[in-house]
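Chain letters run A, B, ... following the sequence lines, proteins first, then strands; residues in each count from 1.
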Amino acid sequence: MTAPIVTRFAPSPTGFLHIGGARTALFNWLYARGRGGKMLLRIEDTDRERSTEPAIGAILDGLKWLGIDWDGDTVYQFARAQRHREVAEQLLAEGKAYYCYASADELKEMREKARAEGKSKLYDGRWRERAASEAPSGIKPTIRLKAPLDGETVIEDQVQGRVVWKNENLDDLVLLRGDGNPTYMLAVVVDDHDMGVTHVIRGDDHLINAARQKQIYEALGWTIPSMSHIPLIHGPDGSKLSKRHGALGVDAYRAMGYVPEALRNYLVRLGWSHGDQEIFSTEEMIKDFDLPAIGRSAARFDFAKLENLNGHYIRHADDQSLVTMFEDVLSYVPNGGDVKAKLNDTTRAQLRQAMPQLKERAKTLIELIDSSYFIFADRPLVMEPKAAALLTPETRILIGKLRSALEAVTEWSAATTEAATRAFAEETGVKLGAVAQPLRVALTGKTTSPGIFDVLAVLGRQECLARLADQASV
RNA sequence: GCUCCCUUCGUCUAGCGGUUAGGACGUCGCCCUCUCACGGCGAAAACAGCGGUUCGAUUCCGCUAGGGAGCACCA
């Protein structure tokens, strides 16, 4: 029996949960859930300057919205600083780390020298073998790892393959700062170890950190977890994802009317594939997801594909849950309050009735809201410019005549109104389209809508006749 | 500059020595049709370049070019 899988998502709370972080979380979650393992959550808040409480809230909220849950209590890294210090002291006592008294100026000088010489090793190890008695006064020392001087550090990465660094290129990293606080490098290693993490899955911006962290693992005599460094997501132009592109918080995607299922499906297929399959239910992605199938090249973020997927999930959602999503999202979208104010038992029932038609046409919940305008609109309707253009003196007369024809319909339904309208068109000698378009405009204020007879049915006889009267002339 | 990673249609990708290089999004036609969608059918569209290895390279190796990440007492 193999040891249970433990993954973790470890965001630093310096901002919202961005799309790249969401994908990392998703991958960790899928891997754990597909193998009966656990996914842990650790907030890396050791940067006291930049970590904020609202950011923590935004990250938790984003994960929750995406449907990603985690096991056990959330670990806050800062709270574990004492443990990190102990490990640093232990390394010091064992002679695997040392005090470094180099000043900021010295460090800067070393960096500049290294760069000038074309070397990547920034710190020259000058305090590595010096006695503490030589320590200058007035400088609080850092604790540095006594990293191996020669040989290689090798990471067998599940995504990147075997990656090798020459140890001569890696310098003695700082474990504990002068102020006694641990560095990220130390904290991550200690926390992952203490939390029993077996698989580290994170962005490949951490790839080089894996090498340095491995040196810490080795100094400590701990087993290094399985490593997987997934490629970053780029903007549509191939450059680093910026706010201008899609590096938005997941809350922004919610506000744009995307549904979590679609975003998850989009994200899982970004860099990962399973043959030719495009659509994955949650169960399927959990079952099929695997690390070696992740590609090694960065993927560009493509809103068009996300939108297509979103449309797919909206079309396939059942009508009642769509009504619920519709209502829920109103709190997050611009002017959502206006529609919310109009929601009552009647309009809710109309929305539900129209949903089979509406959902065929919407790629986002925003479009769903827009296209449902005719249900919530007050008379007289606000006309879109293209719709207003269709209301000529001629069509207004036509609307008036059609209204009279429809007034005769007593059993009001899509079928009866369609029959009446078709008969009217035939009698008048015009094509159905020539009647349907003005009718649509008068009833919805738009040039596009669900099938017009469905609109008639949803709105009901009285409201339809009134709206037609609003636009008709005799 | 240094270290490391990457490179198949516009985009996401399949491919793991021999394929008419497949799928999806997007684009463009046609059909359906009261509009818009949906759906159906079809089209255009890719192995970065150059050298090897091999009977044979998209596939293996090297170089070049291009892209990316990292280079803190940040995470």
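When heavy atoms are screened at a 4.0 angstrom cut-off, A:Thr421 is found touching no nucleic acid atom at all. The residue A:Arg422 sits close only to the backbone: its heavy atoms come under 4.0 Å of sugar-phosphate atoms, none of a base. Using a 4.0 Å heavy-atom criterion, one finds that A:Ala102 contacts the bases of the nucleic acid, with or without backbone contacts as well. Across all strands shown, A:Leu439 has no heavy atoms under 4.0 Å from either base or sugar-phosphate atoms. Using a 4.0 Å heavy-atom cutoff across all strands shown, A:Arg269 reaches at least one base atom of the nucleic acid. Nucleic acid contact for A:Glu44: sugar-phosphate only, since backbone atoms but no base atoms lie under 4.0 Å from a heavy atom of the residue. Within 4.0 Å of A:Gly178, counting heavy atoms only, lies at least one base atom of the nucleic acid. Nucleic acid contact for A:His229: none, since no nucleic acid atom lies under 4.0 Å from a heavy atom of the residue. Within 4.0 Å (heavy atoms only), A:Leu270 reaches sugar-phosphate atoms of the nucleic acid but no base atom. A:Arg50 comes within contact range of at least one nucleobase, with a heavy-atom separation under 4.0 Å. In this structure, A:Asp45 reaches neither bases nor backbone, as no heavy-atom distance under 4.0 Å exists between it and the strands shown. Using a 4.0 Å heavy-atom distance criterion, A:Val164 is classed as a sugar-phosphate-only contact.
Between B:C73 and A:Thr183, no contact under 4.0 Å exists linking OP1 or OP2 to a side-chain N or O. At B:C71, none of the side-chain N or O atoms of A:Arg115 fall inside 4.0 Å of OP1 or OP2 (strictly under the cut-off).
Scanning atom types as modelled, no donor and acceptor separated by under 3.5 angstrom connect the side chain of A:Arg296 and the base of B:C6.
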Protein-to-nucleotide contact annotation, 5' to 3' order, nucleotides 36-46 of chain B [B base; S sugar-phosphate only; - none; under 4.0 Å, heavy atom]: BSSS-------
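Summary of the strand contacts: A:Phe453 and A:Gly118 both lie near RNA chain B, and taking for each the nucleotide with the nearest heavy atom, the more 5' one is attributed to A:Gly118. Nucleotides of RNA chain B nearest to A:Leu232 and A:Gly295 differ in position, and the one nearer the 5' end is that of A:Gly295.
Classification of the A:His274-A:Trp272 ring pair by plane angle, with boundaries at 30° and 60°, yields parallel.
Ranking B:U13, B:A69, B:C34 by closeness to the A:Leu432 side chain, first place goes to B:C34. In this structure, of B:G70, B:U13, B:C25, it is B:C25 that holds the atom nearest to the side chain of A:Ala304. Here B:A75 is the nucleotide among B:A72, B:A75, B:U3 with the atom lying nearest to any side-chain atom of A:Met185. Across B:C5, B:U35, B:U3, the shortest atom-to-atom separation from the side chain of A:Arg440 is found for B:U35.
Under a 4.0 Å N-O distance rule, the pair A:Arg422/A:Glu418 qualifies as a salt bridge. Ion pairing between A:Glu278 and A:Lys305 holds under the 4.0 Å rule for side-chain N and carboxylate O.
Under the ring pair (Phe, Tyr, Trp, His ring centres under 6.0 Å) criterion, the residue pairs touching residues 169-192 of chain A are A:Tyr184-A:His206, with sequence neighbours excluded.
By the ring pair (Phe, Tyr, Trp, His ring centres under 6.0 Å) test, A:Phe374 is found to be paired with no residue, residues two or more places apart in sequence or in another chain being considered.
Atoms NE2 (A:His312) and P (B:G23) sit 18 Å apart, rounded to a whole Å. One interatomic measurement links the two molecules: CZ of A:Phe303 to P of B:A24, which rounds to 24 Å at whole-angstrom precision.
With C1' as the reference atom, B:C28 and B:G68 are 34 Å apart, rounded to whole Å.
For the 3.5 Å distance criterion, the side chains of A:Arg467 and A:Gln471 fail to qualify, holding no donor opposite an acceptor.
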